[in-house]
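In what follows, chains carry the letters A, B, and so on, assigned in the order in which the sequence lines appear, proteins first and then strands, with residues in each chain numbered from 1. Not measured: the values here are computed from a predicted model.
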Amino acid sequence: MSDLKKMGPALYELLKRAGMRVPGLIVATEQLLQEMDIDKPLEQVANVAHLQGIVGYSIAMPDIHWGYGFPIGGVAAMDAENGVISPGGVGYDINCGVRLAVVPELFANLSAKTQKRLLERIFQLVPSGVGHGHSNQRGLSDRDYRDIVTLGSRWSVQKGFGFAQDLEHTESNGLIEGGDIAAVSDYARERGRTQLGTIGSGNHFVEVGAIETLFLPEIADAWGLAKGQMYILIHSGSRGFGHQVCQDTLNSFIKQGFADGLPDKQLVAAPINSEPGRHYFKAMAAAANYAFNNRQQILHAVRMAIQDVLDIAPESVKLLYDVCHNIAKFETHQVKGVNKRLCVHRKGATRAYGPGAEELNPLFRKTGQPVLVPGDMGRASHVLVGSGNPLTWCSCCHGAGRARSRHASKSAWDGRDPLQYMESQQVQVMASSMKTVVEEMPDAYKDVDAVVAAVQEAGLAKMVARLKPHLVIKG
Amino acid sequence: MQNDNKKLFFGLSVEAPAPSLLPQPRGRLVHPPHQHLTLAFLGNVSWSKLQGDLSNVPRPTLKLGLAGFADQYLLLPPHHPRVFAWHIKWLENSDGPLAYQQELVTYLRRLGYSLDERPFLPHVTVARAPFEEQEWCTTFHKMPVITHHLHLFESVGDLVYKPLWTHQIPPPFEEISHTADVAFRVYGTSMRQLGVHAQIALCFKCPQLLDYLLAVSESISLDDLIIDLNDSISRADSAFGCPLKAVSFHGEVVQTSEGLYTWEMVIDV
């Protein structure tokens, strides 16, 4: 830790050393730094700083942990003219992200029986688990794919999965421009064909709970959040489609020698202004748009479940926001006083635009955008408001980050009943696989309260509300 | 003189994926820590006498443990089955266990031990009677296995077998800690064997990947091996939904001072 120099509240600089084009910036409190296994992620932060065209800092969020090339919780912006684009800086699960919707009902008004019925109904309507797609559907046609990747989640809305206003409450209106299905392999299309509208496995989930605490009542009120109100939180991404896009690109970039000279092969990156770079962006955008549609359709299914069980009209279940946390986007930021177009890689990090940002809808342009930070399935998730901090290219954390390996989790819960424990924490869990439940127990994760406190202290975002999960569906 | 007879046999311990990954028919199960491949059954013999001979027992010449898979089931004896067992197809060194078994048996006979004269039928007993034969046969699935310990076992009853003496052989792979994903340290005496062992390691997390095993060439590079492993995962995911997402381009192959190839394989899940 001797290479870290304190810069400000919850901000540390990782001093430049040989090969680094820029220094690193670590967002963390001193306590978090002491608690985390920081060496390998710091090495990755330093490695990212080797990439051509990197501007500003190689950034690490407080939920940082070891990833592939880039750490998870890493942010790096490249000059769009002479910089590189890296699939490792986006991640395998392209546009993995989160969406939060609110229901006009107090969660406490739901009887235990109703809660169970709702959980079971959502579990019926939203396929979850490894590889699980819609067994009763024909799957996406090539025409569907062409439209999905060029329209974004507008495609799902046009098909009747949701409402037009959902688009205004989705990052980039649910569309990353530039997606091209021709840039996506047959393998990727096959993998994703029946997976649209499904959660997947691992740490993906649908969560229903109550808004427990309001930190900024004015903003909460403007956003339609009230204490005790029921919410829905969805975490999913681009499924096998996006994974294959990342894999195809890694294979191709490595074979073309783009990893030569890099400290870590998984940082492999092609010049943005090159055929391979442009090809990856088109495929990445296609996968990102698949993911927007995925979460749009999952929310639709949850709205249907709520209508069935609670008799609440789908249009009354309002989408607050949908954010990406694995993406590379072209954005304009000030660099040394001049507007510059940058390719901002956020891998396990969320955009956090502040008030005034042009892309935002009128409501969020006034307040700043919502930032959604899921914790673990037992303790809490958080809603924050972005502060638009230029130091991190308007970026923030994305979650709690794992504290323990899956293998260690399995050992820790051997012989114990995880579902019974979760019930003791007032959380009912349904999952396709008990193995997933054991791997995703709350003690496998860091404390999300500490993570969001760090980003608030660093001036990246401010806490608006703390959410308490009660009904959880895992893959 | 105090009777120190024990029911003893030499065998290779066998590891297969966690039981939660397997269908579980009913019966008297040989639970995973006790699964083994018997090489030489000595019967009720003096433990102290054998103890004195152990230092001279021939060791297997394997540099690494074996990797393979249960490719078919055996009902033994065929006419009146009392045992449900796996037949193992070893992917490398397929004659190794047989050759070693013959060497071991010859040595033990020279010491005066009376051993089974029937031809050696290598198998791993998974269940003993009583069991529902039909249920076991219809739920059989191919299963990856590795072996890397030679033990002298004592059969203590209730399908419990206690190792009294062990000769360790380095494993073909071992799972290592990784916070977010799954990781193995894989070993091989050649790049080809490393690739074979990497595939079996993946199968330990998803046994259905056994249907997607690829031939690995002797001169394969690590990058090409990773691309091939991911091709298997992609095809498997399209077919049935694979819990593994991709093998990352992490690390390099390192040669140890003993001449073994070793690689840390990290898999995105």
Side-chain angles (χ1 to χ4, degrees), chain A residues 37 40-41 65-69 72 88 91-93 129-133 185-195 200-203 239-240 243-244 246-248 250-255 259 264-268 348 401-408 410 433-436 438-439 444 475, chain B residues 17-22 24 32-33 173-185 201 204-209 212 221-253 263-269:
Chain A
D37 186 5
K40 278 181 172 163
H65 50 282
W66 189 30
Y68 305 116
I72 296 166
Y92 279 103
D93 194 357
V130 167
H132 281 204
S185 69
D186 287 344
Y187 253 158
R189 297 179 215 194
E190 280 320 299
R191 284 179 78 171
R193 226 173 258 287
T194 57
Q195 292 185 340
S201 61
N203 62 3
R239 310 283 279 107
H243 268 91
Q244 193 62 46
C246 178
Q247 193 55 60
D248 291 339
L250 286 170
N251 293 354
S252 165
F253 278 13
I254 282 175
K255 285 198 145 150
D264 180 348
K265 199 182 292 181
Q266 292 173 114
L267 277 177
V268 68
R402 282 195 77 94
R404 179 196 270 173
S405 73
R406 287 177 166 73
H407 190 67
K410 188 178 164 297
S433 153
M434 275 308 298
K435 177 174 164 291
T436 302
V438 165
E439 288 173 356
Chain B
S20 58
L21 291 178
L22 318 174
Q24 286 293 291
F173 57 82
E174 50 197 348
E175 189 165 356
I176 55 178
S177 187
H178 191 288
T179 310
D181 295 303
V182 169
F184 292 95
R185 192 168 291 114
F204 260 62
K205 292 297 175 187
C206 178
Q208 296 108 307
L209 277 172
Y212 298 85
S221 69
L222 180 61
D223 286 348
D224 284 340
L225 173 62
I226 292 171
I227 289 171
D228 284 350
L229 292 174
N230 284 324
D231 188 61
S232 295
I233 289 173
S234 294
R235 288 184 293 120
D237 195 46
S238 292
F240 62 79
C242 184
L244 311 175
K245 293 302 164 207
V247 176
S248 71
F249 284 93
H250 167 80
E252 298 290 343
V253 174
W263 170 49
E264 268 188 25
M265 179 171 68
V266 178
I267 306 130
D268 183 49
V269 295

>> Quick check on Asn230(B) against chain A: is it the side chain, the backbone, both or neither that has a heavy atom closer than 4.5 Å?
In response: side chain
> Checking heavy atoms, do the side chain of Ala444(A), its backbone, both or neither come under 4.5 Å from chain B?
Replying inline: neither
> So, for Tyr68(A) and Val266(B), which heavy atoms are closest and what is the spacing to 0.1 Å?
Replying inline: CE2-CG1, 3.5 Å
> Where on Asp224(B) is there a heavy atom nearer than 4.5 Å to chain A: the side chain, the backbone, both, or neither?
Replying inline: side chain
> What about Phe184(B) and Phe204(B), are their ring centers closer than 6.0 Å?
Replying inline: no
> In terms of heavy-atom pairs under 4.5 Å with chain A, which of Asp231(B), Val247(B), Ile233(B) leads?
Replying inline: Asp231(B)
>> So which atom in Gln247(A) and which in Ala246(B) form the shortest heavy-atom distance, rounded to 0.1 Å?
In response: OE1-CB, 3.1 Å
>> Quick check on Gln244(A) against chain B: is it the side chain, the backbone, both or neither that has a heavy atom closer than 4.5 Å?
In response: side chain
> With sequence neighbours excluded, what pairs up with Phe253(A) under the ring-ring contact (aromatic ring centres under 6.0 Å, His included) test?
Replying inline: Phe258(A)
> Tell me, side chain or backbone of Ile254(A) under 4.5 Å from chain B's heavy atoms, or both, or neither?
Replying inline: side chain
>> Heavy-atom cut-off 4.5 Å, strictly under: side chain, backbone, both or neither for Lys40(A) against chain B?
In response: neither
> So, the side chain of Gln195(A) versus the backbone of Gly240(A): is there a donor-acceptor pair under 3.5 Å, distance only?
Replying inline: yes
> Heavy atoms, side chains only, cut-off 4.5 Å: are Val268(A) and Phe249(B) in contact?
Replying inline: no
